[in-house]
Structure formats: structure tokens, C-alpha cells
Chemist: 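Shown below is the structure under consideration.
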Amino acid sequence: MSDPVQIPAAEIRQCMDEESLRAWVQQQRWYASKSRAVAGIEIVEGVTLREHPTLFLALVQTRFATGTHELYQLPLLLSTGAEQAPSGGAVAHTDEWTAHDALGEPSVLLELILRIDAGEEIDTSEGRFSFWRVDGSSPGSEAAEVRLMGVEQSNSSLVIDDRLVLKVFRKLEPGINPELEMLRFLTARGFPNIAPLYGWYEYDGAALAATLGVAQQFFPDATGGWELALAKLSTDPGWFLDQLGGLGEVTAQMHTVLASDASDGAFAPEVPSQEALSLLTATVDEDIERLFLRLPDNEHLAPIVGRGQDVRERLASRSQLGVGGRVIRTHGDYHLGQSLHTPRGWVIIDFEGEP
């Protein structure tokens, strides 16, 4: 692990081919505002994490004609004409070097895990990049194998030695990312059905503080909940429905933990207003109607076919009783795709909420 060498963001901003950078960002799957054209783009902060090849971690701001903006994280590999070009697609150019997507050479991003292991803090002219490892976690190896995990969506994930997964957040939001916030809360209270937190890295500057990435335990023997449903509903639906019962129990336990601390402002249960309860009831009512209309033709579902109206009436009668519960913190984007089925039971993942 080489000592970081600063490449001033202002210098890169002056040299970078803005038109190429803007075009490349707008073509990426993780770019969130595909219906809006980028009016301007600039690297507002960055740090060099290694040399040969040069790994540059850039925070890039996209600006829109409405005056709003978004911030993205771009791990870039910089190569000169004399060096072999990385396999990642060319992002932009300067007179002296070409920037490539570092995800095309995932092995170089092991540097992020090594920085997390070392608990590094790197000061820049504008702020600080900090890397944190959870106490008790076993450090990784500089010889670890790194690969991309699946198709890139709103974030980019890397698997390290089939032991860790590092999620690199692409679109950055101010403050602590809900993924990190939820994992730390659930871990501190002993909830076992999550991928244990290994570490994270973040940026704190005058203009922005944000979580940049989170590392967790990887489960190589796990099957995604949605993939399990597709495989088992046609071959062994009774077994799968039994497994869903276990997932229901895990979900209830998670909600109990999330509602357990009234002293934490980010997680304290709240008394809902009657207006909020009415809105929730209407939303659930629509969900019930839609779900029962789409029930597949399956003998195991026969007992509930045509019972949608009964469920809606039960919901309506309950809603007339007034507020009897509390509003609690939840997963934020909970569906089968956010669960893993392992030999040790269900694991819940991806707490950052709706993309």
C-alpha cells in the first residue's frame, strides 16, 4: 500500500475533457437522472490511493439547468500514453493521461479494503477521507482475489476472496448512508440475521459529509430470496412456503429490534397522526387489491384465492379502532431480492432504501 499522493481536484478539473466525462456518466446504469441532461460536470474532490497504475477516487458533481445538482463517486484509473491501458472503458482524457473506469480492473480496488484494514485518514485541501474497520474483524490479505458481483445497478459491489463484499456507493447523499446506519444499529443490539459489518469509508468536507462505501461479510453458499422463489415455486412450493414462514419470523424480530430504542432520535418509535394512518390504510388497501388480482394459479394458494375483499374489510375494521401502534424505522426497500437464504437461516441485506 503506497502513501497517497494528492492530485489536486482543481488541476484535474482544468485538464479533464468535460464533454467526454459528462457523456460517460450519463450512460452508466447507476446514473440516477436519466431523464435530465447534465448541464455541467466537475470533479469537486479527489484523492490518489495508489500508483502504478494510478487509482484516483473522484467525487464528481453533475449540475442541471434547474440549478440542482447530484454527487457521484468515480473510482478512476489514470494511464499515460506510455502505459498499458486498463481494461475499463475510457472515461475522459487530458493532454497527458486517460481516465478509465477502475471497475474494469477490480483487483486494484482491493486498495479500499487495505485502507479500511489500516484505519487510514487522508487529509485533502477540502476535507478528509476516512476508512474504518469494525473492532474484532479479521484483516484481509494483500493477495486477495477481487471480482465484480453481478450486474451493476445503483451501486457497484466487489467480492473479496469470497469472504467480504464491498459496496461502492455511486450516487452520494449527504450524511450517513442508511445502509451503514441500520447495520450499526442492528449489530449493536445483537440482531443476527444480517451480513455482519466489516468496515466502511467516508468523506467529510466543508461542502459535504457522506458515506462512500460499506464492507460486509459475504455468504458464498447463499441463494437470493427471489432466485429461490423462481426455482422452488414450480418444483417444491410447499417447502418454499415453509421457508417464507421463517423469513416472516426474522422480519418480525428485525422490526422488534428497530423499535427497541426510544432514546435514539433516528430510531425512536413515533405515534402516527390520524392523517398518516389513513394514508397508510389506503396504500395497503391498494396493495391488497393488486396482489390478489395477480395471484398465480397454484393449488397451494387455493385457500386464499378470492379472499382479497375479506382482507380489505378486516383492514378497514382495524383502521376504525384508532391509533394503536407506532411508526418505526424500516428496511426502506424490502422485497425478496433483499434477502438471502443460507444453510444457517435467512439473512436480510441492502438497507440503503429505495434507489
Side-chain angles (χ1 to χ4, degrees), residues 154 178-179 181-182 185-186 189 191-194 224-234 236-341 345-355:
S154 56
E179 176 86 87
E181 185 180 31
M182 294 280 277
F185 184 90
L186 292 169
R189 286 151 187 83
F191 181 67
N193 298 89
I194 54 174
W226 178 241
E227 288 75 20
L228 190 68
L230 295 179
K232 292 295 186 180
L233 276 178
S234 60
D236 197 351
W239 177 88
F240 179 70
L241 292 177
D242 286 342
Q243 298 306 307
L244 281 187
L247 180 58
E249 293 177 1
V250 168
T251 302
Q253 293 162 5
M254 177 181 69
H255 288 164
T256 298
V257 174
L258 290 174
S260 66
D261 192 345
S263 66
D264 189 323
F267 290 87
E270 299 177 356
V271 178
S273 66
Q274 190 60 50
E275 180 182 6
L277 184 62
S278 298
L279 178 61
L280 175 62
T281 302
T283 301
V284 175
D285 186 84
E286 293 176 1
D287 288 342
I288 293 170
E289 182 178 24
R290 182 169 58 252
L291 185 149
F292 276 87
L293 287 174
R294 296 179 179 179
L295 279 179
D297 184 12
N298 187 297
E299 60 178 313
H300 294 275
L301 300 178
I304 64 172
V305 171
R307 300 292 300 277
Q309 185 59 35
D310 294 341
V311 179
R312 295 173 66 191
E313 290 176 359
R314 178 66 64 88
L315 173 67
S317 66
R318 295 290 297 175
S319 66
Q320 300 304 315
L321 299 178
V323 179
R326 297 291 184 269
V327 176
I328 67 168
R329 186 75 178 265
T330 62
H331 182 286
D333 183 29
Y334 197 37
H335 51 80
L336 277 176
Q338 315 292 35
S339 66
L340 299 176
H341 187 266
W346 287 96
V347 171
I348 301 173
I349 59 173
D350 293 343
F351 287 92
E352 68 265 34
E354 186 68 34

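Model, not experiment: these values are computed from the prediction.
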Chemist: Check this for me: D297, atom CG, are more than 12 non-hydrogen atoms of other residues, nucleotides or ligands nearer than 6.0 Å?
Modeler: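 Open.
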Chemist: Could you measure the distance from the CD1 atom of I288 to the CG atom of L315? Nearest 0.5 Å is fine.
Modeler: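 The CG atom of L315 is 5.0 Å from CD1 of I288, to the nearest 0.5 Å.
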Chemist: Roughly how far apart are T256 OG1 and I328 CD1, rounded to 0.5 Å?
Modeler: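 One finds 7.5 Å between OG1 of T256 and CD1 of I328.
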Chemist: Rounded to the nearest 0.5 Å, how far apart are CG of L228 and CG of L336?
Modeler: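 L228 atom CG to L336 atom CG measures 8.5 Å (nearest 0.5 Å).
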Chemist: Is the number of heavy atoms from other residues, nucleotides or ligands under 6.0 Å of E275 CD greater than 12?
Modeler: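 Incorrect, the count does not exceed 12.
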Chemist: N298 and H300: which non-hydrogen atoms are nearest, and at how many Å?
Modeler: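 Heavy atoms of N298 and H300 come nearest at OD1-N, 2.8 Å.
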Chemist: How would you list, by chain and number, every residue that makes a ring-ring contact (aromatic ring centres under 6.0 Å, His included) with F292, sequence neighbours excluded?
Modeler: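 By the ring-ring contact (aromatic ring centres under 6.0 Å, His included) rule, F292 matches no residue at all.
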Chemist: Inspect the surroundings of CZ in R314 and state if more than 12 heavy atoms from other residues, nucleotides or ligands are less than 6.0 Å away.
Modeler: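 At most 12 heavy atoms, drawn from other residues, nucleotides or ligands, come within 6.0 Å of this atom.
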Chemist: For the CZ atom on R294, are there more than 12 heavy atoms of other groups (residues, nucleotides or ligands in this structure) within a distance under 6.0 Å?
Modeler: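 No - once you tally the heavy atoms of other residues, nucleotides and ligands closer than 6.0 Å, there are 12 at most.
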Chemist: Could you go step by step and tell me if I348 and V250 meet the side-chain contact (heavy atoms from CB on, under 4.5 Å) rule?
Modeler: CA-CA 9 Å; I348 301 173; V250 168; 3.7 Å; yes
Chemist: Is there a donor-acceptor contact under 3.5 Å from the side chain of H331 to the main chain of I349?
Modeler: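 Pair found, side chain donor or acceptor close to backbone of I349.
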Chemist: Could you tell me which residues satisfy side chain to side chain donor-acceptor pair (under 3.5 Å) with D285, sequence neighbours excluded, listed by chain and number?
Modeler: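 Per chain and number, D285 pairs via side chain to side chain donor-acceptor pair (under 3.5 Å) with R312.
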Chemist: Drop me the distance from N193's CG to S339's OG, to the nearest 0.5 angstrom.
Modeler: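 Here the interatomic distance stands at 11.0 Å.
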Chemist: Rounded to the nearest 0.5 Å, what separation is found between the NE2 atom of H341 and the CG atom of L244?
Modeler: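 If I round to the nearest 0.5 Å, the distance is 9.5 Å.
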Chemist: With sequence neighbours left out, write down each residue that passes ring-ring contact (aromatic ring centres under 6.0 Å, His included) with W226, or none if nothing qualifies.
Modeler: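 ring-ring contact (aromatic ring centres under 6.0 Å, His included) list for W226, sorted by chain: empty.
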Chemist: Checking W346 side chain against Q243 main chain: does a donor-acceptor pair fall under 3.5 Å?
Modeler: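 Between the backbone of Q243 and the side chain of W346 there is a qualifying donor-acceptor contact (under 3.5 Å).
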Chemist: Ignoring hydrogens, what is the shortest heavy-atom contact between S234 and A231? Give both atom names and the distance.
Modeler: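 Taking S234 first and A231 second, the nearest heavy atoms are OG-O, 3.8 Å.
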Chemist: At their closest point, which heavy atom of P269 faces which heavy atom of A262, and how far apart are they?
Modeler: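 Looks like CD-CA, 4.2 Å.
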Chemist: Taking F351's backbone N and O only, do any of them form a donor-acceptor pair with E179's side chain (distance below 3.5 Å, no angle check)?
Modeler: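 Yes, the answer is positive, given that a donor and an acceptor are paired below the 3.5 Å cut-off.
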Chemist: State, to 0.1 Å, how close A266 and R329 come at their nearest heavy-atom pair, and which atoms those are.
Modeler: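 A266 and R329 have their closest heavy atoms at O-NH1, 3.1 Å.
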Chemist: Side chains of L258 and M182: closer than 4.5 Å at any heavy-atom pair?
Modeler: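 L258 reaches M182 side chain to side chain.
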Chemist: Say you draw a straight line from CD of Q274 to CG of L279; how long is it, rounded to the nearest 0.5 Å?
Modeler: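 That separation rounds to 11.5 Å.
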Chemist: Identify the two heavy atoms, one from E299 and one from P303, that lie closest to each other, and give their separation to 0.1 Å.
Modeler: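 The answer is O-CD, 4.1 Å.
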